[in-house]
Number of protein chains: 2
Amino acid sequence: MTAHHGFGATLVGLAVLIQRRHAQICAEHDLTPAQAQLLCMIKDQPRGMTELAQLMGLAKPGLSGLVDRAERRGLVCRNTPGYDRRAVTLSTTPLGKDAIEALFADVSDRLPDILEGLSAQDQHLFEHLVNAVAATAGVPLHFGGRGECGDRGESTATACGDC
Amino acid sequence: MTAHHGFGATLVGLAVLIQRRHAQICAEHDLTPAQAQLLCMIKDQPRGMTELAQLMGLAKPGLSGLVDRAERRGLVCRNTPGYDRRAVTLSTTPLGKDAIEALFADVSDRLPDILEGLSAQDQHLFEHLVNAVAATAGVPLHFGGRGECGDRGESTATACGDC
DNA sequence: TATTGTTATACTCTATAACTATA
DNA sequence: TATAGTTATAGAGTATAACAATA
């Protein structure tokens, strides 16, 4: 890498900035970031516990506890599909579905505010580059609205057609 | 903001990606991210508990516990300056200082790897934009190597002189 | 009275190990 | 035996409230 010394630390600072703002918006919706991530991942289809644990980068006991707390709050529910009596699938309740949709809209609205110090052109450029990094570096999960990892791999923001 | 719908969620995904990699590098150095942040903030000068709590965005009891654990591990030590017998200042031990310097070097080396899918030119551009966002949006703390918030505010990466 | 820092308590998140029930 | 999920236990991080000592 040709990055300047200290850039790694700046990236960490940026990540902290983003996550703090995200956590604050989550709190206004009475959700924790982990609950939001969980809801995000099952909002379109139910998933099994093992699959969820892998997607979220958690060990299974960690997921069990997270689900316990979310279930206690009426956000998700466990289902037992017929084909395997060991299995559990998790889906959102209507309350959980509403919560994650409202949160997603709010995050989409307000989180990009961190860029407001940039010119409109630079904001545009930054957005392209972040999308390229996210696509390339395998952004962990389905934080996006598109259900699955969006992976259109064009990284040449400098030569972006639709600008 | 003119950002596309879903971009806020992509930013969160990027933040998670960065923090996961950061946490992993911290773990290799036998530090938690919170301990790293703490050490980073006192590596050049001792600070009082109240000041530290404000800088780190923590309530004071949270900081007390963090310091307890770091002290137990020999990373920091509490000092009692003469001028106010209520006050406590915190400084690094030699062990703590070595640990944070080694970590910082490693983070600087390896964290920018997340950009390796971009062209060299786009990496450069991205670094400029991130620096501009960090300067503008007030990146929370002294994750950088420069001790205090670097705030050269030029945001026009597209017209950057030294490229 | 206001401030510095701590202790007490509680909850979320996460990890490892041991366990149950099913396949 | 292998897999799905849970329970048990532990520790880090964070919050609020109550407290101590000093200013």
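Every value quoted in this text rests on a predicted model; they were computed, and no experiment measured them. We name chains A, B, ... by the order of the sequence lines, and we start the count at 1 in each one.
A salt bridge does not link B:D113 to B:R21: none of the charged nitrogens lies less than 4.0 Å from a carboxylate oxygen. Using a 4.0 Å cut-off between charged side-chain N and carboxylate O, A:D68 and A:R78 make a salt bridge.
Of the residues near DNA chain C, A:R73 and A:Y83, the one whose nearest nucleotide (by heavy atom distance) lies more toward the 5' end is A:R73. Nearest-nucleotide assignment on DNA chain C puts the 5′-proximal partner with A:Q35, out of A:Q35 and A:G82.
Residue-level contact check: A:L63 touches neither bases nor backbone, having no heavy atom under 4.0 Å from any strand. Contacts of A:A59 with the nucleic acid, taken as non-hydrogen atoms under 4.0 Å apart, include base atoms.
Look at A:R85 and you won't find any side-chain N or O under 4.0 angstrom from OP1 or OP2 of C:dA21. Listed pair B:S64 / C:dT7 fails the phosphate criterion, with no side-chain N or O lying under 4.0 Å from OP1 or OP2. A:T50 has no side-chain polar atom (N or O) that falls below the 4.0 Å cut-off from OP1 or OP2 of D:dT3. Taking 4.0 angstrom as the limit, A:R78 places a side-chain polar atom (N or O) nearer than this to OP1 or OP2 of D:dT6. The side chain of A:R69 contributes an N or O atom lying less than 4.0 Å from OP1 or OP2 of C:dC13.
Atom C1' of nucleotide D:dG11 and atom CG of B:D30 are separated by 14 Å, given to the nearest angstrom. Rounded to whole Å, the distance from CG on A:L66 to C1' on D:dG5 is 15 Å. Between A:L38 atom CG and C:dT12 atom P the separation is 14 Å, expressed in whole Å. At whole-Å resolution of the value, CG in A:L31 and P in C:dT12 are 13 Å apart.
Note: B:D30 CG to B:Q35 CD = 8.0 Å, rounded to the nearest 0.5 Å.
When all heavy atoms are compared, the tightest approach of B:I100 to B:A36 is CD1-O, 3.5 Å.
In this model, a side-chain donor or acceptor of B:R86 finds a partner on the base of C:dT3 within 3.5 Å.
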